[in-house]
Amino acid sequence: MDSLIRRLQAFRLGENESSPEDSHKSERGKGITLAQKLISTGTLGAANRGRLLQALYDIGASSRADLARVTGVTRGTIGGIVQPLLDQGVLAEGEVIPPNETGGKPATKLWFSKDARPICAVLLLHDRVSACLVSLEGEVYAQNAVYFPKNVANAADAFRVISTCIEKAVAFGKPILGIGVAVAGMINTETGTIVTVGLAPFLDGFPLETELNRRFGVTVCVDQDTRALLVGDRWFGQGRGRRNFASVYIGETLGGALYLDGHLYRGPAGAGGEIGHTTVDIKGRMCQCGRRGCWETIASSKWLRTEAKVRRLPRPLSLDVSRLLTLADKDVPGARDLIRDYAFNIAVGLANLQQFMAPNFIVIHGDIVRGGGPILRLIQESFHDLVFHRPGDDIALVFGDGECLAALRGAASLLLSELLNFVI
């Protein structure tokens, strides 16, 4: 097990050797085009190991024969890749598959070992930090959350809170592979530095990745929370096995991330994903960003509460989509109109995303998920009226996991992707 991290870090080509501009954090998003790199004999084994592990995540527990068919190599080649992973405790033998009618030896399914080192996942919000451990098969445990003191005024004090929260999670079990952090803010992914976190100016400019690496001595990956949600969907959620999809967060803020042709998209220094600040009404309301008519001004939870007050619905300041649906079911005046307007406003931004990038499969997270099937169907109706439909296109909107669980799995997936270098 002591060599597990070194082995995982040796997987750094994965499926991305055809797109070397995505291969290393220092090269991410710099707006340059690198010459295509060849696979040397020294890195061929790492690339093959990476592809095999990715195949497992995509298709689930599989026999060596199944993996050979999926990856297009011989069973002997698969055996040569699998055995070291079994020896290191990354993979484990599982269910026995009886031989078929033609005879032969029974096969066993391979999957990630329950004894493999977990990943420490961290979700950093403006007012609190959550941490947990996530197994390589996506199990979440040892959860811990701490609120920042109301008088916190500098990054050093905040970092002590963050470190203490992580320590409590890490102390639960075996040594960790590393730390993945999802931050509700803007991140410079080349340096792992927080650019800004709304309502938490004391974190602005803080080199979180460097400080966590220094404090815990493990690999650390820091990114914004919406991209973490997407990577979590890719590994453990409804994006598994897909080469093109989007994840969108709809709550107090709005954000999104794109997985295009098998790769997470990032702009220079981690820019991009600020879909909430795309303009939907040039003469619209003033946004907290200082611009007018952003999508966030008509589709956030804040807009919903503001409109509820204007339309004189009961207890507007504590309203969420779930309670609004309850009011609509009770025929409270104005509730049905508000829920339909809210669904339409959300559909407008999703349709813009679809028209421009055509992800065709959009996973929605955030407060809106509390509305369940009724609000999703209303959003789908408006969305399908707003987008172009091409022959053979199958465009789907789905709700993802609950916000906290999805974000923590996403944070773990950031680190997993960094070690395996598949997505990032």
Side-chain angles (χ1 to χ4, degrees), residues 21-22 24-32 121-131 148 152-163 165-166 179-215 219-232 247-258 264-279 287-291 294-297 300 302 365-366 407-408 410-411 413-415 417-418 423-424:
E21 65 272 21
D22 291 329
H24 299 288
K25 179 173 291 189
S26 61
E27 296 167 349
R28 265 188 239 142
K30 290 188 175 180
I32 59 175
V122 181
L123 173 61
L124 179 59
L125 305 177
H126 74 276
D127 61 344
R128 65 189 184 276
V129 58
S130 300
F148 290 121
V152 65
N154 59 69
D157 290 342
F159 185 68
R160 278 192 286 272
V161 175
I162 295 168
S163 299
C165 186
I166 293 173
I179 301 171
V181 187
V183 181
M186 295 178 63
I187 303 298
N188 183 329
T189 53
E190 292 174 7
T191 63
T193 299
I194 296 173
V195 177
T196 183
V197 174
L199 304 179
F202 52 86
L203 289 171
D204 293 358
F206 185 66
L208 183 60
E209 184 173 309
T210 298
E211 292 303 318
L212 286 176
N213 177 266
R214 181 180 293 122
R215 172 66 183 80
T219 301
V220 180
C221 184
V222 179
D223 209 331
Q224 64 175 214
D225 55 342
T226 50
R227 279 197 284 261
L229 287 171
L230 180 134
V231 180
S247 292
V248 176
Y249 177 85
I250 300 174
E252 292 300 317
T253 60
L254 276 69
L258 289 164
L264 170 66
Y265 174 77
R266 279 194 183 93
E274 299 295 337
I275 190 174
H277 299 290
T278 53
T279 303
C287 181
Q288 62 180 353
C289 72
R291 297 169 180 82
C294 295
W295 184 35
E296 194 169 291
T297 64
S300 66
K302 180 181 179 181
H365 296 274
L408 287 169
S413 300
L414 289 172
L415 190 280
S417 300
E418 184 69 20
V423 179
I424 303 236

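Any value given below was found using the heavy atoms of this structure, including those in side chains, with hydrogens, waters and symmetry copies removed.
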For [Y], does its backbone N or O pair with a side-chain atom of [X] as donor and acceptor, under 3.5 Å?
X	Y	value
T297	C294	yes
R227	G270	yes
E418	C221	no

For the residue pair [X] and [Y], what are the closest heavy atoms and their distance?
X	Y	value
F159	R215	CZ-CB, 4.2 Å
A158	F148	O-CE2, 3.6 Å
A200	H126	CB-O, 3.7 Å
A184	L125	CB-CD2, 3.7 Å
I275	G255	CG2-C, 3.4 Å
S247	L230	OG-CA, 3.3 Å

Spacing of [X] atom [atom1] and [Y] atom [atom2] [to the nearest 0.5 Å]:
X	Y	atom1	atom2	value
I187	I194	CD1	CD1	5.0 Å
L212	L208	CG	CG	4.5 Å
L264	L258	CG	CG	8.5 Å
T196	F206	OG1	CZ	14.5 Å
E211	S163	CD	OG	8.5 Å
R291	T278	CZ	OG1	12.0 Å

Min side-chain heavy-atom separation [X]-[Y] under 4.5 Å:
X	Y	value
L414	V181	no
L254	V248	no
V122	I179	yes
V183	Q224	no
V195	T193	no
W295	H277	no
Q288	K302	no
V161	V129	yes

- Regarding D223 and T189, is there a side-chain donor-to-acceptor distance under 3.5 Å anywhere?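 The answer is no; no qualifying pair exists.
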